[in-house]
Amino acid sequence: MKIMVVGGGGREHAIIKKIKENKSVTEIFALPGNGGMKDDATLVNIGAKDIDSIVKFAVDNKIDFAVVAPDDPLVLGAVDALNAVGIKCFGPKKDAAIIEGSKAFSKNLMKKYNIPTAAFEIFNNAEDALKYLETAPIPTVVKADGLALGKGVIIAMTREEAVDAVKSIMEDKIFGESGNNIVIEEFLTGPEVSVLSFTDGNIVVPMISSMDHKRALDNDEGLNTGGMGTIAPNPYYTADIAKECMKTIFVPTINAMKAEGRTFKGCLYFGLMLTPNGPKVIEYNCRFGDPETQVVLPLLESDLLDIMMAVADEKLTEDMVKFADKSACCVVMASNGYPVKYESGFEITVDNDFNDNLYIAGAKIADDKLVTAGGRVLGVVAVEDDLTKAIEKSYASVKKVHFDNAFYRNDIGAKALKVLKEGK
Ligand code: AMP
Ligand code: GLY
């Protein structure tokens, strides 16, 4: 079988490596992929948003199955376009991908179907938003409606910050058209949990839970990033909480999308906050998370491609999805200065005795060498029997990967370990 994976980051590398385990796979194409994947996939120089070229490539090369991984092509309708020429895909159609593509849509969905989330108001002009802020509870959270590379959220600790946030999103358009509408919502507190799930629109099967580390620096300081590391499973996410989330959030969301005529098929990502009033949805993503995927998929014991094809055929069953009773830790090695300004082009080398998982995100081949070409360069992932060992092992492996200006957090998993040891 010929498989095509759209996307080019560490998440896609993890998906490709897992799909490769399926014996019937003869070739995997990555569009565009990155130089660090060249031993695992055939790289095709077509951007993930270039839907026409993606469809043409798939037809010309008789692709049997396509995986569309990033949010942009999903929201633009890549799956609709591929299905229209008879190519089966893993990923939601455009009318379902809107669950991530518009926060106003997802908030209204949750309200209509009683799915727990932060209280909110939606505005389509700055004047009304600023008026609302005169009496709104503070702190508050201001979110651009559309996609903004995961950066469209501003937590305002004071009324002035909230006013600045509204002005910069709606008047200065710092997130472009994504900020034409905004959501202003209640500030919630509590541990965050990421739960990715497989759903064929009829049933939803959650994957093992994980914890992202979004801030650039140790102790959750510094700027928000795309994610500096992850661990799985997330110790805050107990069996009781999982049961509650299934009943109050996961199943109701799948059913709500179906009832709206927007059946969701693919990976639905639930970004949750475990508040004193129970688990609430912070955000939905219409795709695998990055770098959550890098810790979740190595723990998946079942065949990923079989699951993805069952999702596309609406034949998913619970027993198809089995996870190992182990732990994983991903430490992201970034370019110093990320997420603001950084240099690229430094050679990446890996010691011969490196024996964990390496998922490359921001790299390319230049003069036959692998060199850095992005903010988040790669993820080092260890899978071990428990979290302590997984953290130790991944940091030991980080020392075996070298490039100039490398930067990483030293405390990935530290909070999770504390919870395991002290129960908080
Ligand atoms: P998002 O892009 O929606 O995932 O938001 C980015 C981050 O902002 C989340 O991971 C949370 O840490 C934080 N956040 C978003 N919404 C809220 C909220 N209502 N209350 C508190 N923190 C929030
Ligand atoms: N790690 C968060 C995301 O993929 O959006």
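Whatever order the structure lists them in is the order used to number ligands and atoms, beginning at 1.
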Which atom pairs, donor and acceptor, lie under 3.5 Å between side-chain atoms of residues 354-363 and protein residues at least two apart or in another chain?
{"residue": "Asn355", "atom": "OD1", "partner": "Lys393", "partner atom": "NZ", "Å": "3.1"}
{"residue": "Asp356", "atom": "OD1", "partner": "Lys393", "partner atom": "NZ", "Å": "3.0"}
{"residue": "Asp356", "atom": "OD2", "partner": "Lys393", "partner atom": "NZ", "Å": "3.2"}
{"residue": "Asp356", "atom": "OD2", "partner": "Ser397", "partner atom": "OG", "Å": "2.5"}
{"residue": "Asn357", "atom": "ND2", "partner": "Val381", "partner atom": "O", "Å": "3.3"}

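Using a 4.0 Å cut-off between heavy atoms, Lys214 contacts ligand 1 through its side chain alone, with no backbone atom that close. By the criterion of a heavy-atom distance under 4.0 Å, both the backbone and the side chain of Leu188 are placed next to ligand 1. Contacts between Glu100 and ligand 1, counted as non-hydrogen atom pairs separated by less than 4.0 Å, are absent for every part of the residue.
With respect to the salt-bridge test (charged N to carboxylate O, under 4.0 angstrom), the residues Lys112 and Glu260 qualify.
Taking a cut-off of under 4.0 Å to the non-hydrogen atoms of Asp212, the atoms of ligand 2 that pass are 1 (N), 2 (C). Counting the atoms of ligand 2 from 1 in the order shown, those under 4.0 Å from a heavy atom of Glu292 are 1 (N), 2 (C), 4 (O). Close contacts between ligand 2 and Asn285 involve ligand atoms 3 (C), 5 (O) [criterion: under 4.0 Å to a heavy atom]. Interface of Lys103 with ligand 1, defined as ligand atoms under 4.0 Å from a residue heavy atom, comprises 3 (O). Residue Glu185 approaches ligand 1 through these ligand atoms, each under 4.0 Å from one of its heavy atoms: 16 (N), 17 (C), 18 (C), 19 (N). Interface of Lys143 with ligand 1, defined as ligand atoms under 4.0 Å from a residue heavy atom, comprises 3 (O), 15 (C), 16 (N). Ligand 2 places these atoms under 4.0 Å from at least one heavy atom of Gly289: 4 (O). Distances below 4.0 Å separate heavy atoms of Ile155 from the following atoms of ligand 1: 8 (O), 13 (C), 14 (N), 22 (N), 23 (C).
For the residues Lys280, Arg215, Glu192, Glu283, the heavy atom positioned nearest atom 12 (O) of ligand 1 is part of Glu192. Closest heavy-atom approach to atom 8 (O) of ligand 1 among the candidates Asn285, Thr189, Val153: Val153. The residue among Ile282, Leu272, Ile154 with a heavy atom at the shortest distance from atom 17 (C) of ligand 1 is Ile282.
Within the 4.5 Å cutoff, side-chain heavy atoms of Tyr269 are placed close to those of Glu283.
Using cut-offs of 30° and 60° on the angle between ring planes, the pair Tyr395 and Tyr408 is tilted. Under the 30°/60° scheme for interplanar angles, the aromatic rings of Phe90 and Phe198 are found to stand perpendicular.
Atom CG of Asp172 has more than 12 heavy atoms from other residues, nucleotides or ligands within 6.0 Å. For Lys131, the NZ atom is loosely surrounded, since the number of other residues' heavy atoms within 6.0 Å does not exceed 12.
Ligand 1 has no N or O atom lying under 3.5 Å from any N or O atom of Asn224, backbone or side chain.
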Test log, rule ring-ring contact (aromatic ring centres under 6.0 Å, His included), inputs Tyr342 and Phe407: CA-CA 11 Å; Tyr342 51 83; Phe407 167 77; over 10 Å; no
Start with the C-alpha gap between Ile307 and Ser302, add the side-chain angles, then the distance that decides, and say whether side-chain contact (heavy atoms from CB on, under 4.5 Å) holds. CA-CA 8 Å; Ile307 297 172; Ser302 321; 4.0 Å; yes
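Contact analysis puts Tyr269 in contact with ligand 2, with a non-hydrogen atom separation below 4.0 angstrom. Heavy atoms of Arg287 come nearer than 4.0 angstrom to ligand 2 in at least one pair.
The stretch residues 240-255 participates, sequence neighbours left out, in these side-chain hydrogen bond (donor to acceptor under 3.5 Å, both in side chains) pairs: Thr253-Tyr284.
The nearest pair of heavy atoms linking Leu420 to Pro235 is CD2-CB, 3.6 Å.
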